[in-house]
Amino acid sequence: MVITRPLPLRLAGLGVALPTRVVKNAEIETRCGLPAGWVEQRTGVRERRWAAAGETNSQLGAQAARAALAEAGWAPESLDLILYASGTPEQAIPDTAPLVQRALGLGDSGIACFSVHATCLSFLAALITAGAQLAGGLARRILIVSAEIGSPALNFAEPEAAALFGDAAAAAVVDATGESALVAARWETLGESASLTELRGCGSRLHPERVEARREDQLFHMNGLAAAKAARTHAPAFLERLRPGLAHGLPGIDLVVPHQTSRLGLQLLESFGWPPDCVASTLAEHGNCIAASIPLTLHAARLAGRTPPGREILLVGTGAGLSFAGVIWKM
């Protein structure tokens with residue numbers, strides 16, 4: 001999937017909401033019987049947030065959405081579309097977008113809502129979807145919410161993966177005014193590697209009520225080394241197809257906001273000749289927050305003054321599937 005022409009898309013506001021519970025590495029190391037310092041050495045994460053009892057995807061998502069709407073100066077009622085872009089639904093049915101709508105006090109508004117689920121790349125999928133909706137005249141103001149609570153499905157028999165992930169929510173409101181645009185976007189999927197990152201249960205094949213379903217089928221599994229190897233193999237060619245030169249540098253790019261996969265994943269970017277000071281990271285403070293990672297890291301970069309108007313920002317990452325996605329956004 002590629003875009004054949006720029007899609008006007010302005011970031012009018014961006015908001016973040018974090019769970020109250022802070023989880024230090026020592027807690028995980030004690031739980032898993034690991035030596036002190038093991039988690040940071042292996043993952044690059046110092047701490048992360050995990051949702052406490054009563055903290056839900058829709059609650060955190062609505063909190064982040066209110067912050068984004070406040071920055072934009074938009075009334076919630078002025079929205080035409082709400083996209084929930086996440087790998088972790090609050091419940092199976094309905095999808096979480098209507099639950100966010102309701103949490104925002106818009107339950108009787110009639111505003112269109114639906115979910116975009118592409119695991120860690122859901123926010124990028126929603127950005128492309130929003131750009132197409134705006135370009136087609138189907139919406140004028142769109143809210144994108146990525147609220148991730150993956151901690152209940154962590155498997156502590158796989159401590160490296162369990163220690164890597166954090167919970168968080170981030171929201172963006174976008175429209176098509178001004179000069180901002182998605183100037184390039186590309187998406188490629190290699191389904192042969194789908195089993196590298198998976199949660200096998202909770203669907204129709206291994207529903208919890210089936211006799212053959214096991215407890216571990218309801219927990220997250222990741223072959224991190226194999227996923228990193230696949231990324232190392234396929235990412236350079238993907239990046240060249242997104243924009244020639246990206247496998248060896250940053251032609252025309254002022255800042256990279258990558259998905260916060262892991263320390264190994266971020267180190268891979270250095271092999272492309274991307275200067276570390278041009279790559280934004282929140283991995284140490286928040287861990288891998290699934291689809292919320294990219295907007296959470298973009299929010300941190302904006303607060304630091306790294307995304308002034310006219311700059312070209314590369315949002316890029318990998319996700320379960322195995323998918324590769326990249327968007328070049330002229331801010």
Side-chain angles (χ1 to χ4, degrees), residues 1-11 85 116 118-132 134-135 172 174 176 178-193 196 227-281 283 291 293-295 297-298 301-302 306-331:
M1 179 177 69
V2 296
I3 60 171
T4 57
R5 59 182 175 85
L7 296 176
L9 190 74
R10 180 181 72 103
L11 180 59
V116 178
T119 62
C120 297
L121 297 175
S122 298
F123 183 77
L124 296 190
L127 273 184
I128 297 168
T129 301
L134 293 167
V174 297
E179 301 296 321
S180 297
L182 302 184
V183 299
R186 190 170 192 93
W187 193 292
E188 297 179 8
T189 302
L190 304 171
E192 289 297 324
S193 297
L196 296 181
K229 182 178 179 181
R232 193 163 52 242
T233 299
H234 297 286
F238 167 79
L239 290 169
E240 285 298 302
R241 288 189 285 270
L242 175 61
R243 174 176 283 181
L246 274 179
H248 309 286
L250 291 174
I253 303 298
D254 299 288
L255 179 69
V256 181
V257 180
H259 172 48
Q260 306 293 295
T261 52
S262 65
R263 169 180 280 173
L264 189 61
L266 293 178
Q267 287 173 340
L268 173 63
L269 306 183
E270 297 179 18
S271 69
F272 304 140
W274 297 359
D277 61 352
C278 291
V279 179
S281 179
L283 181 71
S293 275
I294 287 178
T297 305
L298 179 61
R302 289 185 86 213
R306 303 180 71 184
T307 61
R311 295 280 183 93
E312 286 198 356
I313 309 299
L314 170 62
L315 311 180
V316 66
T318 59
L322 171 75
S323 289
F324 298 80
V327 166
I328 299 175
W329 195 354
K330 183 179 178 181
M331 304 300 287

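Model, not experiment: these values are computed from the prediction. Both backbone and side-chain heavy atoms feed into the values below; hydrogens, waters and symmetry mates do not.
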request  = Tell me, with the steps shown, if Thr307 and Leu11 meet side-chain contact (heavy atoms from CB on, under 4.5 Å).
outcome  = CA-CA 11 Å; Thr307 61; Leu11 180 59; over 6 Å; no
task = Test Leu134 against Leu7 for side-chain contact (heavy atoms from CB on, under 4.5 Å), laying out the working first.
result = CA-CA 8 Å; Leu134 293 167; Leu7 296 176; over 6 Å; no
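- Trp274 pairs by the ring pair (Phe, Tyr, Trp, His ring centres under 6.0 Å) definition with Phe272, not counting sequence neighbours.
- Among all heavy-atom pairs drawn from Ala181 and Trp329, the shortest one is O-CD1, 3.3 Å.
- Looking at every heavy atom in both residues, Leu322 comes nearest to Ser193 through CB-CB, 3.8 Å.
- The structure places NE2 of His259 at 9.5 Å from CG of Leu283, a figure rounded to the nearest 0.5 Å.
- For the residue pair Ser323 and Thr189, the shortest heavy atom distance occurs at OG-OG1, 2.7 Å.
- Taking every heavy atom of both residues into account, Gly319 and Leu121 meet most closely at N-CD1, 3.6 Å.
- Here the closest heavy-atom approach between residue Thr297 and residue Ser293 is recorded as OG1-O, 2.8 Å.
- Taking CD1 of Ile313 as the reference point, atom CD1 of Ile328 lies at 10.5 Å (rounded to 0.5 Å).
- Sorted by first and then second residue, the pairs that involve residues 311-322 and meet salt bridge (Lys or Arg N to Asp or Glu O under 4.0 Å), not counting sequence neighbours, are Arg243-Glu312.
- Not counting sequence neighbours, the partners of Ala125 by the side-chain contact (heavy atoms from CB on, under 4.5 Å) test are Val116, Ala118, Trp187.
- Distance CG/Leu9 to CG/Leu182: 4.5 Å, rounded to 0.5 Å.
- To the nearest 0.5 Å, the span separating CG on Asp277 from CG on Leu255 amounts to 10.0 Å.
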message = Evaluate Leu246 against Leu314 for side-chain contact (heavy atoms from CB on, under 4.5 Å), listing each step before the verdict.
response = CA-CA 10 Å; Leu246 274 179; Leu314 170 62; 4.3 Å; yes
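- The salt bridge (Lys or Arg N to Asp or Glu O under 4.0 Å) pairs that include a residue from residues 253-274 number zero, where partners must be two or more places apart or lie in different chains.
- Between Val279 and Pro258, the closest side-chain pair of non-hydrogen atoms falls below 4.5 Å.
- In terms of the side-chain contact (heavy atoms from CB on, under 4.5 Å) criterion, residue partners of Glu188 (sequence neighbours excluded) are, by chain and number, Arg186, Phe238, Arg241.
- In terms of heavy atoms, Ala85 sits closest to Ala126 at CB-CB, 3.6 Å.
- Of the inter-residue distances, the one linking Glu179 atom CD with Met331 atom CE reads 14.0 Å to the nearest 0.5 angstrom.
- With sequence neighbours left out, Arg302 forms a salt bridge (Lys or Arg N to Asp or Glu O under 4.0 Å) with Glu71.
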task = Please test Met1 against Ile128 for side-chain contact (heavy atoms from CB on, under 4.5 Å), starting from the C-alpha separation and ending with a verdict.
result = CA-CA 10 Å; Met1 179 177 69; Ile128 297 168; 3.9 Å; yes
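- Looking only at distances, no side-chain donor or acceptor of Ser122 sits under 3.5 Å from a matching main-chain atom of Ala291.
- Proximity of Phe324 to Leu239: side-chain heavy atoms (C-beta onward) are nowhere separated by under 4.5 Å.
- Distance check: Leu269 CG to Leu250 CG gives 9.5 Å after rounding to the nearest 0.5 Å.
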